[in-house]
There are 2 protein chains.
Amino acid sequence: MIANPDSNTEQAILEAAEKLFLEKGFALTSTTEIARVAGCNQALVHYYFRTKDNLFNSVFEKKVRLFATGLLQVHQPGISFEQKLKQMIEAHFDMLRANPGLPFLVFNELLTNPERLKKLKGNMLDLPKLVFFPLKAELEAEIAKGNIRQMTIYDLIISVVSLNVMLFIASPILKILAELSDGEILKLVENRKQENVIIILKSIKPTI
Amino acid sequence: MIANPDSNTEQAILEAAEKLFLEKGFALTSTTEIARVAGCNQALVHYYFRTKDNLFNSVFEKKVRLFATGLLQVHQPGISFEQKLKQMIEAHFDMLRANPGLPFLVFNELLTNPERLKKLKGNMLDLPKLVFFPLKAELEAEIAKGNIRQMTIYDLIISVVSLNVMLFIASPILKILAELSDGEILKLVENRKQENVIIILKSIKPTI
DNA sequence: TTTGCATTTAATAGATCTATTAAACTAAGC
DNA sequence: GCTTAGTTTAATAGATCTATTAAATGCAAA
């Protein structure tokens, strides 16, 4: 029998692992539980991926890239820098809304597992340039024209990412503590999308 | 022999636990390792705190309160709302800088352990009011006077906390990925303190 | 039908972790 | 000096987790 390149079982294991790793992180997820969710024997997890670490890396790097490239989008030509920035913030926000568990997974694993972070550095050397370069020149041109106050591209990215990401890290906690319904959380999140755009656009203005 | 109310050993265990929990979270810290750092036998950890969970709660609630009350500061009377806001942002920022591992611990444990979050809700009912109430009335007065655009106190708090907290969650990662020296990180952090103040103060202004 | 190979299962080795227990140690008070 | 109570230690029970192994199963081709 020829091996199915995308075996049903292998795919089920990957999906179960992704779900559980996103929910609880690496340390709190056991291969036994992955197998249970995937509907197979625990040894099968090791048959396909040999180690839990391999399995984790299979889902992790894809997720990190998703996380980082959320900022990088193709824009309509001819629109203003501010409009472009607004589109980027919204695209990043929408990516996070579609993957709300992503920031937690990425931060949790990179902070608790230093080797993972060092390994990542090698694989992701292209990303900063992909994300920063298209924006950097434009930002500096706008500053030179006096349309935007003095600031670096790093400051801008950090601010956007902070505002967008923290919302999705904190909202499960906010939901419980403030006793919000699902509907109320949805409304709050949608409102923060506009709020984050407003904050960034106002904050880059010159004068004072 | 009379029990020392603040036994040397008990205190050493608490401090070791605090250090390790802050570094690696609950799941990745073992009582054996806590004992090693505290310089005592592993069974002593259980002698003093019975369970690992008890020990964790002993350090955790104190830390959550520290995290939440960072925003709550006594201000000089008679200064403007904007100056007061600036002081709050800076005080919150300074608290985080003095406890950089705090946000990770709080988010990590509250997100991976739902029972911890529910339990916390009971113990922290006073906090939202302590933090929000002093500001809420003033904010609404400023909005009525037309000094500040229409926004809620929750939006303001979320923005401040997002900008301040995310910096300290992300900076260990940023340090590795961008290959920054300790000095460069210090400089970046200090710069972000002013940047966050500027962002918030600009973002609350009326007029588009 | 039989052979061969990928897949799946049950069983388990080996490591580690929490928590308990029983015994040893230490020093104050009678 | 002996008793007593708090403190500390070594040993280990019991649970859980990763990873391996050997055997069983299913299916396609010969």
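Proteins come first, then strands; the chains are lettered A, B, ... in the order of their sequence lines, and each starts at number 1.
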Is the base of D:dA19 touched by the side chain of A:Gln42 through a donor-acceptor pair closer than 3.5 angstrom?
-> yes
Above 12 or not: heavy atoms from other molecules or residues under 6.0 Å from NZ of A:Lys19?
-> no
Does A:Arg36 reach the main-chain N or O of A:Asn41 with its side chain, forming a donor-acceptor pair under 3.5 Å?
-> no
Any side-chain donor near an acceptor of the partner, A:Asn164 and A:Arg192, under 3.5 Å | no
Strictly under 3.5 Å: I want the nitrogen or oxygen pairs between protein and nucleotides 23-25 of chain C, one per line.
none

Specify the residues of residues 49-61 of chain B, ordered by number, for which at least one heavy atom lies under 4.0 angstrom from an atom of DNA chain C.
-> B:Arg50, B:Thr51, B:Lys52
So, A:Gln83 versus A:Gln87: side-chain donor-acceptor pair below 3.5 Å or not?
-> no
B:Thr31 side chain near C:dC17 phosphate (N/O to OP1/OP2, under 4.0 Å) | no
Check: A:Phe168 ring centroid to A:Phe93 ring centroid under 6.0 Å | yes
Give the rounded distance in Å between these two atoms: CD of B:Gln11 and P of D:dT7.
-> 14 Å
Return the value, rounded to whole Å, for the distance between atom CZ of B:Phe26 and atom P of C:dC17.
-> 13 Å
Of the listed nucleotides C:dT9, D:dT18, D:dA10, the one nearest the side chain of A:Asn41 | C:dT9
Determine the interplanar angle of the A:Phe21 and A:Phe56 rings, folded into 0 to 90°, and report it as parallel if under 30°, tilted if 30 to 60°, perpendicular if over 60°.
-> perpendicular
D:dT18 P sits how many Å from A:Glu33 CD, rounded?
-> 10 Å
Mark yes when over 12 heavy atoms from residues, nucleotides or ligands other than B:Lys63 sit less than 6.0 Å from its NZ; otherwise mark no.
-> yes
Residues touching DNA chain C, which here means a heavy atom under 4.0 Å, drawn from residues 13-23 of chain B | none
Mind calculating the distance between NZ (A:Lys24) and C1' (D:dT16) to the nearest angstrom?
-> 13 Å
Taking only the side-chain nitrogens and oxygens of B:Thr9, find out if one of them lies under 4.0 Å from OP1 or OP2 of D:dT7.
-> no
note: B:Glu10, atom CD; D:dG6, atom C1'; distance rounded to Å ~ 12 Å
A:Arg36 CZ to D:dT18 P: how many Å, rounded?
-> 13 Å
Give a yes or no on whether the backbone of B:Phe104 and the side-chain of B:Asn108 come within a donor-acceptor separation of less than 3.5 Å.
-> no
Round to a whole Å and report the spacing from CG of A:Leu44 to C1' of C:dA10.
-> 12 Å
Side-chain donor-acceptor pair present, B:Ser203, B:Arg149, cut-off under 3.5 Å = no
Can a side chain N or O of B:Tyr47 be found less than 4.0 Å away from OP1 or OP2 on D:dT9?
-> no
Does A:Thr31 offer a backbone N or O that forms a donor-acceptor pair with the side chain of A:Lys52 under 3.5 Å?
-> no
Side-chain donor/acceptor of A:Glu109 to backbone N/O of A:Phe26, under 3.5 Å = yes
Atom-to-atom span, CG of B:Leu28 to P of C:dC17 - whole angstrom = 10 Å
Side-chain donor/acceptor of B:Lys121 to backbone N/O of A:Leu177, under 3.5 Å = no
